[in-house]
Amino acid sequence: MSTGLVDYGPGHEPPIREKLGTYHHFLIAARYIVLAHVVVGTFLVMAFASQATVFSAFVVALIELIIGLYVAKERKPGNWVSGAATLLMDTSADSGHVIEDRVAQENVARPMR
């Protein structure tokens with residue numbers, strides 16, 4: 001009996017590559033959304049909840065934005081910036097290799113019916 005929500009079963013495997021692509025794009029969007037919240041939050045707090053002027057709050061937010069955009073950019077592993085960015089915004093399955101390996105192991109362990 002099929003509910004129409006999930007059509008996976010014996011002989012019909014889920015589209016792992018599509019799910020990994022969606023997850024990867026979500027993580028990229030989440031990086032920039034978090035960066036926007038941090039920059040706007042810093043500006044608002046400095047400008048209206050401290051003794052800093054609006055100009056100094058803008059300068060600090062601008063510096064924060066430039067550094068954040070530099071770190072949040074997608075990079076190939078191997079340089080120091082990608083290593084530092086990985087410490088801040090990486091998940092264990094960001095590249096998808098963990099999920100693909102687990103799916104491959106499950107397919108080997110589970111015989112097709």
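In this chain, numbering begins with 1 at the start of the sequence shown. Please read these numbers as outputs of a predicted model, since none were measured by experiment.
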Leu69 side, atom CG; Glu64 side, atom CD - distance, nearest 0.5 Å: 11.0 Å
Euclidean distance, Gln51 CD relative to Met46 CE, rounded to 0.5 Å: 11.5 Å
pair Leu62-Phe43: side-chain heavy atoms closer than 4.5 Å: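 No, too far: nothing below the 4.5 Å cut-off.
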Val40 reachable from Phe58 in the ILVMFWY side-chain graph, under 4.5 Å edges: yes
Cluster link Ile63 to Phe55, ILVMFWY, side chain under 4.5 Å: yes
Closest non-hydrogen atom pair between Ala47 and Ala57, with its separation: N-CB, 3.7 Å
Nearest atoms (heavy-atom pairs only) where Val60 meets Thr42: CG1-CG2, 4.1 Å
Evaluation steps, side-chain contact (heavy atoms from CB on, under 4.5 Å), between Tyr70 and Ile66: CA-CA 6 Å; Tyr70 182 72; Ile66 292 169; 5.7 Å; no
Nonpolar side-chain network containing Val34, other nodes, edges under 4.5 Å: Val38
